[in-house]
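Chain letters run A, B, ... following the sequence lines, proteins first and then strands; every chain starts at 1. Please read these numbers as outputs of a predicted model, since none were measured by experiment.
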2 protein chains.
Amino acid sequence: MAVADEDGGASARPKRADAVRNQQTLLAAAAEVFVTSGVDAPIREIAKRAGVGMGTIYRHFPTRADLVVAVYRHQVEACAEAGPALLAEEESPFTALERWVDLFVDFLVTKHGLADALRSDSGGFEALHAYFLDRLVPVCGQLLDAAVGAGEARPGIEPYELMRGVGNLCVGRDDDSRYDPRRLVDLLLRGLRGTRSSS
Amino acid sequence: MAVADEDGGASARPKRADAVRNQQTLLAAAAEVFVTSGVDAPIREIAKRAGVGMGTIYRHFPTRADLVVAVYRHQVEACAEAGPALLAEEESPFTALERWVDLFVDFLVTKHGLADALRSDSGGFEALHAYFLDRLVPVCGQLLDAAVGAGEARPGIEPYELMRGVGNLCVGRDDDSRYDPRRLVDLLLRGLRGTRSSS
DNA sequence: TCGTAAATGGAACAACGCTCCGCTTCACTT
DNA sequence: AAGTGAAGCGGAGCGTTGTTCCATTTACGA
């Protein structure tokens, strides 16, 4: 749900099925490549990963910013939907939270690259950021409440605080192998769990 | 004075004369190109403008950041030295201030590009920024005081404030022809001069 | 004046962005 | 089911840029 048709509204002509399929494939492939190679990854690489030609990418996303924004929205949606799913399938709410944060970090890599790719249209960026908060903070809160409720996490932390903290840990790294944000985030979560004996 | 030899200290071997000449030429040429084409200007273009080969640039400045930083320092120095010089050669202190601000805006183009080219080494950037303030604020103050003293500018504005204002007017433009910071700066200075009749 | 090491220039290679067009595949009509 | 128009696709090819490398030139000390 929620993702609907990604279309402006009533489409004059329904898009061809293969086109829609390719668009989804591209979004997924681009997301993967962005994580490993950054948002400046060569178009060829994304095309190869998706198993399509470069022309297809340019057809769907004329500029790099278009592609990054699309991936961004796609990721926000996936992240939001993954929250309840993880909560349902995981035994421990805290483990669900951990896995969700991991997805969230993947997403942040794209998000930070976005700021670079979009410095021209800063208005549109603000809008996306607002959308991002509206959509994700409640999900994070749901996971956090569950973990706190199960006695697996210390209370007193707001969802926005946690997301902001994780986000800040992920800034500033640029193909710098000396700094791995994920390790720091891991520490942060370990702290959130607190001393196990306290429960 | 002040520029000294740009060298770490006692050089074991004096550099060859043509090498230092070329280095100066490159600094000047790069500064010009940065203003017109941004800090991402092709190396070839800078080389051509300086009348040297590309190899020469890579010899003096292995990475683009090295070049940008060198230009940055060079510009700070030039700006600082230009202050008193303009004050001496111009009839009106306010005109001197105007011309100085114009140089300052040129310099800001480089400065802003610097932030992008240096996102990795943010520590070094802070150091440069401090150097920049220490060196330039007094010069700006000197010009400002002169203009105020001559009754050509309203009092009550601190040098740091003025520089900050001009600096802020110059952010955010990226080959966007709709926004010309220089026009805005001109307005700001017009406001600083105030109503001519007040003197 | 002469030898040598520093310095130079630009050809050459690699990687990338973007365009363009012949071919493929879909969706709709009859 | 078969035909048909066009939407969609792939990737070769062109232009641009970063970076290296080395034959040649040039400055400086002896």
Does the pair B:D180 and B:R183 meet the rule for a salt bridge (charged side-chain N to carboxylate O under 4.0 Å, His left out), with working shown?
CA-CA 6 Å; B:D180 179 6; B:R183 265 199 296 272; 3.8 Å; yes
For B:T56 and C:dA7, is the shortest distance between a side-chain N/O and OP1 or OP2 below 4.0 Å?
no
From OG1 (A:T95) to CG (A:L86), nearest 0.5 Å
10.0 Å
Measure CD/A:E45 against P/C:dC16 and give the value in whole Å, please.
8 Å
Heavy-atom closest pair, residues B:V105 and B:C170
CG1-SG, 4.0 Å
For the atom pair CG (A:D134) and NE2 (A:H129), what is the distance rounded to the nearest 0.5 Å?
10.0 Å
Nearest-angstrom distance from the residue atom CG of B:L67 to P of D:dT19
12 Å
A:P42 side-chain proximity, nearest of D:dG10, C:dC16, D:dT19:
C:dC16
Rounded to whole angstrom units, what separation is found between the CZ atom of A:R64 and the P atom of C:dC16?
10 Å
Does D:dG8 have its OP1 or OP2 closer than 4.0 Å to a side-chain nitrogen or oxygen of A:H60?
no
Separation of atom CD in A:Q23 from atom P in D:dA7, rounded to whole Å:
17 Å
Assign each of B:R59 and A:V20 to its nearest nucleotide of DNA chain D by heavy atoms, then name whichever residue's nucleotide is nearer the 5' end.
A:V20
By the definition side-chain contact (heavy atoms from CB on, under 4.5 Å), identify the one residue from B:D145, B:L144, B:L143 that meets it with B:P159.
B:L144
Taking atom types as they are modelled, is there a donor-acceptor pair under 3.5 Å from the base of C:dG17 to the side chain of A:R44?
yes
Is any side-chain heavy atom of A:F34 less than 4.5 Å from a side-chain heavy atom of A:D106?
no
Axis bend over the full length of the helix from C:dT1-D:dA30 to C:dT30-D:dA1, computed from five pairs that close each end, to 10 degrees
0°
Could you list the residues that satisfy side-chain contact (heavy atoms from CB on, under 4.5 Å) with A:T63, not counting sequence neighbours?
A:A65, A:D66
Nearest-Å distance, CD1 (B:I57) to P (D:dT20)?
14 Å
Rounded to the nearest angstrom, tell me the gap between atom CE in A:M54 and atom C1' in D:dA12.
8 Å
Within a radius of less than 6.0 Å around CZ of A:R182, do more than 12 heavy atoms belonging to other residues, nucleotides or ligands occur?
yes
Geometric class of the A:F132/A:F104 ring pair [parallel <30°, tilted 30-60°, perpendicular >60°]
parallel
Length of the line joining A:I43:CD1 and D:dG13:C1', which is rounded to integer Å:
17 Å
Length of the CG-C1' vector between A:D40 and C:dA15, whole Å:
14 Å
Going 5' to 3' along nucleotides 22-30 of chain C, which nucleotides have protein heavy atoms under 4.0 Å from the base (write B), which only from the sugar-phosphate (write S), and which from neither (write -)?
---BSS---
Taking only the side-chain nitrogens and oxygens of A:N22, find out if one of them lies under 4.0 Å from OP1 or OP2 of D:dC9.
yes
